[in-house]
Amino acid sequence: MIILQGKDIAVSFGERVLFSNVNFAVDENDRIGLAGVNGAGKTTLFRMLAGIEPEDHEGAIIKQAGLTVGFMEQHVLRNDEISVYEEALSVFGTLMETEKELDSLHSRIDGGDTDAKLLEKQMNLTERFQDEGGLTFRARTESMLIGMGFKKEELKKPVKVLSGGERSKLQLVKLLLSGAKLLLLDEPTNHLDIEASEWLESFLLEFKGAYIVISHDRYFLDKVTNKTFALDNFTLDTYKGNYTEYLRQYDERVTYLTKKYTEMTEEIHRIEGIIEQQRRFNQEHNYITIRSKEKQIERIRKELVPPPPPRRKIHFQIPCRLAHGTDVISAKDLSLKIGDKELFRNAEFEIKYGERVFLLGSNGCGKSSLMKLVLGKLKGEGSAYIADWLKIGYFDQLQELRLTSPKTTMDFVWDDFPKLSRTQIQSALAMFKLYGEQLQKPVNML
């Protein structure tokens, strides 16, 4: 059964068309991945599905009567003073009000008030409370918070001390508890460690409802989706199957349409050659043939659709200095405390030339801090040897704190590498699919 439809949706920002002629349908148990390059309009479409409409748009979103749509932006953390547990429980405000009313009724009845209407109200309210999950909502809230990576003792922490990542996780918990029948999940695995991501996968696979998810984690998409909406070439196409299956179907479609387009254009050229030959004969019956062939060309042109371009892929290499030895980094007896909290102690490891190392651990265990300690960005105990010939590039997880510049994309990179030419900077940005008008866009507007 269809619970939501999009009909002839178009969105523009000034003269720029984001997408147009977008049509789709969501069934009650759909697991949909929304794919598309950065800037294609995925989040804009999500906001429209949640009822937040842009100024310049056309078309309509048609929802099933009574459908509740859950979107993370609707679950902002409004009270920094209450605990993590209380903030998550705020989703059940109506149930908690019913609970208070039932407590009041119980007190009156226990005090000797046995009015028939009061007893009937108590019975009806109790039945509704139980039907809406009133007996389990507290346990479900605690279980979901722990599943999302919060420790039991952390549930009492005030919201104001949470990191940005922890606040995002708490918002996600509120969304999953909201009771919505259609969930809109925009990068839900951001800030989740592996255990929390696996828990979210399990939750979604058992979810009784529909969801649409945006994610750059193709493995997560493959596990939790069975249909793909692809925002591409300024419109939306629907594919059966997960992300990997969508890529296969897309490449097959491009190959088929390219072959068909080539054959049709070649046929047009062949017929044009016949027309030119008939004109040279300059006989009356030749002009009858010409008119017939021109109509044939018109019919072909009506069916002629340029194929979509092949998927653009990122290709880049990181130039690396030749090694002057096999020892790259050696760490001994590394220990670090942040305030009273000990993150790790006596950590030791070695990295040899050519190794690719995966640093694994739950959120908050000190992975980033260990990197910063080795690089000298934090002070702790122990020692770290770094080969003197080694050049290190460090990509911080909190890049967004730096990406607030009003400079253009082009100037932002060029200022860091002033000796490079314009062509070199443009080529580097193009490798990461940044080109054209994006080069003149302010970084803080990306």
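- Under the 30°/60° scheme for interplanar angles, the aromatic rings of F137 and F129 are found to stand perpendicular.
- Listed here is the closest heavy atom pair of G380 and L373: N-CD1, 3.3 Å.
- Across every non-hydrogen atom of V173 and A88, the tightest pair is CG1-CB, 4.3 Å.
- Ring geometry for Y211 versus F207: interplanar angle of 30 to 60°, hence tilted.
- Distance check, rounded to the nearest 0.5 Å: CG of D27 to CD1 of I2 gives 5.5 Å.
- When E245, R253, Q249, R248 are each tested for a side chain to side chain donor-acceptor pair (under 3.5 Å) with Y239, only one passes: R253.
- The distance from the CD atom of Q130 to the CG atom of L125 is 10.5 Å, given to the nearest 0.5 Å.
- Atom CZ of F234 sits in a sparse spot, with 12 or fewer heavy atoms from other residues, nucleotides or ligands closer than 6.0 Å.
- Taking the six-membered ring where the residue is Trp, the centroids of F229 and F24 are separated by under 6.0 Å.
- Y256 OH: 12 or fewer foreign heavy atoms inside a 6.0 Å radius.
- Atom NZ in K441 sits 8.0 Å away from atom OG1 in T409 (nearest 0.5 Å).
- The environment of CE in M264 is crowded: more than 12 heavy-atom neighbours from other residues, nucleotides or ligands sit within 6.0 Å.
- The environment of CD in E195 is crowded: more than 12 heavy-atom neighbours from other residues, nucleotides or ligands sit within 6.0 Å.
- Residue E153 holds its CD atom at 8.0 Å from CG of L155, rounded to the nearest 0.5 Å.
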Stepwise, does the salt bridge (charged side-chain N to carboxylate O under 4.0 Å, His left out) test hold for K223 with E201? CA-CA 7 Å; K223 284 188 175 182; E201 286 172 14; 3.5 Å; yes
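- Of the inter-residue distances, the one linking S178 atom OG with F71 atom CZ reads 12.5 Å to the nearest 0.5 angstrom.
- Within 6.0 Å of NZ in K157 there are more than 12 heavy atoms belonging to other residues, nucleotides or ligands.
- Residues K337 and L343 are not in side-chain contact: their nearest non-hydrogen atoms beyond the backbone lie 4.5 Å or more apart.
- You'll find the side chain of F412 reaches within 4.5 Å of the side chain of L403, heavy atoms only.
- For the pair K169 and F150, the cation sits on the ring face: its NZ or CZ lies under 6.0 Å from the ring centre, inside 45° of the axis.
- Counting non-hydrogen atoms of other residues, nucleotides and ligands closer than 6.0 Å to NZ of K181 gives a total of 12 or fewer.
- Annotation: side chain of K227 is not in contact with side chain of Y246 (no heavy-atom distance under 4.5 Å).
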T235 and N21: CA distance, side-chain angles, deciding distance, side chain to side chain donor-acceptor pair (under 3.5 Å) verdict
CA-CA 6 Å; T235 191; N21 194 33; 5.0 Å; no
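- At a threshold of 4.5 Å between non-hydrogen side-chain atoms, the residues L182 and I212 count as touching.
- Here the side chains of K377 and M371 are not in contact, with every heavy-atom distance at 4.5 Å or above.
- Annotation for R140: atom CZ counts as buried by contact number, over 12 foreign heavy atoms lying within 6.0 Å.
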| E99/R138 under salt bridge (charged side-chain N to carboxylate O under 4.0 Å, His left out): CA gap, chis, key distance, verdict | CA-CA 12 Å; E99 190 176 48; R138 283 188 166 81; 2.9 Å; yes
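- Rounding to the nearest 0.5 angstrom, the gap separating the CZ atom in R47 from the CG atom in D186 is 10.5 Å.
- In this structure the side chain of I32 never reaches within 4.5 angstrom of the side chain of N226, judged on heavy atoms.
- Residue-environment remark: NZ (K352) exceeds the threshold of 12 foreign heavy atoms within 6.0 Å.
- Of the residues listed (K156, K152, K151), the one engaging E142 in a salt bridge (charged side-chain N to carboxylate O under 4.0 Å, His left out) is K152, and it is the only one.
- With a 4.5 Å cut-off on side-chain heavy atoms, L236 and N23 do not count as touching.
- Although no hydrogens or angles enter the test, the distance criterion places no donor-acceptor pair under 3.5 Å between the side chain of S143 and the main chain of A139.
- In this structure, the side chains of K433 and N38 stay at 4.5 Å or more apart for every pair of heavy atoms.
- The main-chain N or O of Q424 is found under 3.5 Å from a side-chain atom of S421 such that the two form a donor-acceptor pair.
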